[in-house]
2 protein chains.
Amino acid sequence: MPRAKSKAVHLGRPRSDAAVSHAEILDAVSELLKEKPARDLTMDAVAKRAGVGKPTLYKWWPSKGALIMAMFHDRFNAILEVPEATSAEEALRTRVKHLVAQCNGLFGKVVADLIAEGQADPSILKELYESHIRPRRASTVADIERGIASGEFLAATDPELLLDAIVAPMYLRLLLRHPALTEQYGKQLIDQALLGIRTPKWRPGRRGKRDARSA
Amino acid sequence: MPRAKSKAVHLGRPRSDAAVSHAEILDAVSELLKEKPARDLTMDAVAKRAGVGKPTLYKWWPSKGALIMAMFHDRFNAILEVPEATSAEEALRTRVKHLVAQCNGLFGKVVADLIAEGQADPSILKELYESHIRPRRASTVADIERGIASGEFLAATDPELLLDAIVAPMYLRLLLRHPALTEQYGKQLIDQALLGIRTPKWRPGRRGKRDARSA
DNA sequence: ATTTTCCTTTACGTCTAGTAAAGTATAAGT
DNA sequence: ACTTATACTTTACTAGACGTAAAGGAAAAT
């Protein structure tokens with residue numbers, strides 16, 4: 001008589017270490033995406049390269065899109081840390097520089113692929129936005145709000161809108177591939193976006209952070 | 001002996017009127033794209049709805065992407081005419097308003113689909129850019145340059161960059177579908193982009209509309 | 001009526017997604 | 001050691017779509 005599955009005592013073959021096979025599968029996805037667009041990625045190819053069977057893939061991920069999303073999640077979930085000591089403008093410039101570099105690598109390709117896949121499967125768009133874009137935005141918005149609080153940026157600044165004006169053109173170039181997304185372009189975008197935002201008289205202290213003025 | 005095909009005298013069945021069957025085929029594509037994403041559009045379905053055979057489709061267009069692009073070209077090639085009498089700012093606002101409306105209709109869906117398809121077929125991206133985006137940009141850039149020449153905008157303004165900051169966020173919302181692309185958002189983008197561009201002393205003719213910000 | 005050309009229909013070969021069925025491995029229990 | 005229960009893999013299959021080839025029908029000149 002089999003015992004009730006009350007404790008850590010199970011009958012039969014235990015689950016294999018998901019961490020290991022998952023890593024191998026996501027590696028395979030990552031490597032294949034370096035070679036071909038997501039559209040041309042076949043589950044058979046992933047299974048073959050990972051050394052597993054196709055049903056194994058479907059056991060853990062319901063679709064190709066979900067699998068790619070999982071790889072993206074696993075590999076590109078880091079949010080850039082920006083030292084609080086710098087001015088908000090410097091923080092923005094650092095982030096944008098970093099984003100340009102990422103967009104010109106595998107990160108950029110996969111983001112573009114995911115947005116493309118998302119046009120036929122909105123759940124991908126939703127997850128991409130909720131799990132990746134939203135948190136990244138939040139941390140940059142925090143930078144901007146810091147800049148507003150410190151008097152570096154005008155009080156009337158809308159952080160979300162400012163962010164959109166800087167970042168969206170970069171993503172669009174990523175998607176359209178033309179013209180190329182360069183670091184210089186990122187700089188120009190910041191320069192322009194800050195034209196009407198920057199407080200004229202504001203001077204960064206050498207540590208950057210000045211007390212918020214009272215009234 | 002067949003005569004040389006020197007003149008309008010051909011032997012055999014004449015070519016059927018391409019204009020007619022093309023229109024029917026592109027109608028079919030258009031209708032089907034109202035119902036499903038480009039990814040799920042099948043050539044069989046197009047052929048069936050248009051009442052033609054599949055080989056006929058491949059006779060004129062080499063791929064599904066090319067077919068969709070042809071429909072897009074045929075249906076959405078109009079560029080908005082903006083009266084030269086208005087201020088550059090008004091011209092921008094008119095264009096943006098128009099673009100929001102278009103993006104929320106079939107135009108927007110097809111653009112998004114084409115960009116998505118383009119991720120696996122760069123020739124689509126290229127044609128989309130060269131044949132559609134570039135000319136539209138040119139006409140808006142002309143508006144902005146008019147504004148610079150008239151002194152409405154600062155001389156240092158970079159028209160392309162300004163345009164990117166306004167339009168790219170709209171396209172990105174179109175592609176990400178979240179948050180929704182509203183007319184208000186378009187307005188806010190212009191408001192913000194013009195903050196650092198507008199000449200302080202410049203006064204529009206009485207047609208200019210002073211507008212309060214909408215929180 | 002015959003010929004010539006164009007076009008459509010039908011049918012096919014291939015590829016891929018996703019699933020079902022059968023077989024193999026690894027543990028506990030006796 | 002041997003059975004049993006469970007997890008996983010391999011193989012094979014169905015369904016659908018692409019893109020093409022072959023055959024037949026339609027419309028003009030002769």
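Here is how names work: the chains are called A, B, and so on, in the same order as the sequence lines, proteins then strands, and each is numbered from 1.
Under the salt bridge (charged side-chain N to carboxylate O under 4.0 Å, His left out) criterion, A:Arg93 pairs with A:Glu89, A:Asp191, sequence neighbours left out.
Atom NZ of A:Lys97 has 12 or fewer heavy atoms from other residues, nucleotides or ligands within 6.0 Å. Within 6.0 Å of CD on B:Glu81 lie no more than 12 heavy atoms contributed by other residues, nucleotides or ligands. Residue A:Gln184 places its CD atom among 12 or fewer non-hydrogen atoms of other residues, nucleotides or ligands, all under 6.0 Å distant.
Here A:Leu41 lies in heavy-atom contact (under 4.0 Å) with sugar-phosphate atoms only.
Partner of A:Asp143 under the salt bridge (Lys or Arg N to Asp or Glu O under 4.0 Å) criterion, out of A:Arg137, A:Arg136, A:Arg95: A:Arg95 alone.
In this structure, the OH atom of B:Tyr58 is 7 Å from the P atom of D:dT20, given to the nearest Å. Atom CD1 in A:Ile25 sits about 11 Å away from atom P in D:dC8, given to the nearest Å. In this structure, CE of A:Met43 is placed 12 Å from C1' of C:dT19, rounded to the nearest angstrom. With rounding to whole Å, B:Lys36 atom NZ is found 12 Å from D:dG16 atom C1'. Rounding to whole angstrom units, CH2 of residue B:Trp61 and P of D:dG19 are separated by 15 Å. Protein atom CG of A:Asp44 is 13 Å distant from nucleotide atom P of D:dT10, rounded to whole Å. A straight line from NZ of B:Lys64 to C1' of D:dC18 spans 9 Å, rounded to a whole angstrom. In this entry the distance linking CD of B:Glu24 with C1' of C:dT8 reads 14 Å, nearest Å.
A:Thr42 and A:Asp44 are not linked by any side-chain donor-acceptor pair at a separation below 3.5 angstrom, with hydrogens and angles left out of the test.
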Can you name the atoms? Protein N/O to nucleotides 24-26 of chain D N/O, anything below 3.5 Å, with the distance.
| residue | atom | partner | partner atom | Å |
| --- | --- | --- | --- | --- |
| D:dG25 | N2 | B:Arg13 | NH1 | 3.3 |

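For the pair B:Arg39 and B:Glu117, the salt-bridge criterion is not met [side-chain N within less than 4.0 Å of a carboxylate O].
A close approach under 4.0 Å does occur between a side-chain nitrogen or oxygen of A:Thr56 and OP1 or OP2 of D:dT9.
In this structure, CG in B:Leu41 is found 9.0 Å from CE in B:Met71, a value given to the nearest 0.5 Å.
Proximity of residues 46-55 of chain A to DNA chain D (heavy atom under 4.0 angstrom from any strand atom) is restricted to A:Val52, A:Gly53, A:Pro55.
Picking from D:dT20, D:dA17, C:dA17 the nucleotide with the shortest atom distance to the side chain of B:Thr42 gives D:dA17. Side-chain proximity of B:Lys59 to C:dT16, C:dT19, C:dC7: nearest is C:dC7.
For B:Phe107 and B:His98, the ring centers are positioned 6.0 Å apart or more.
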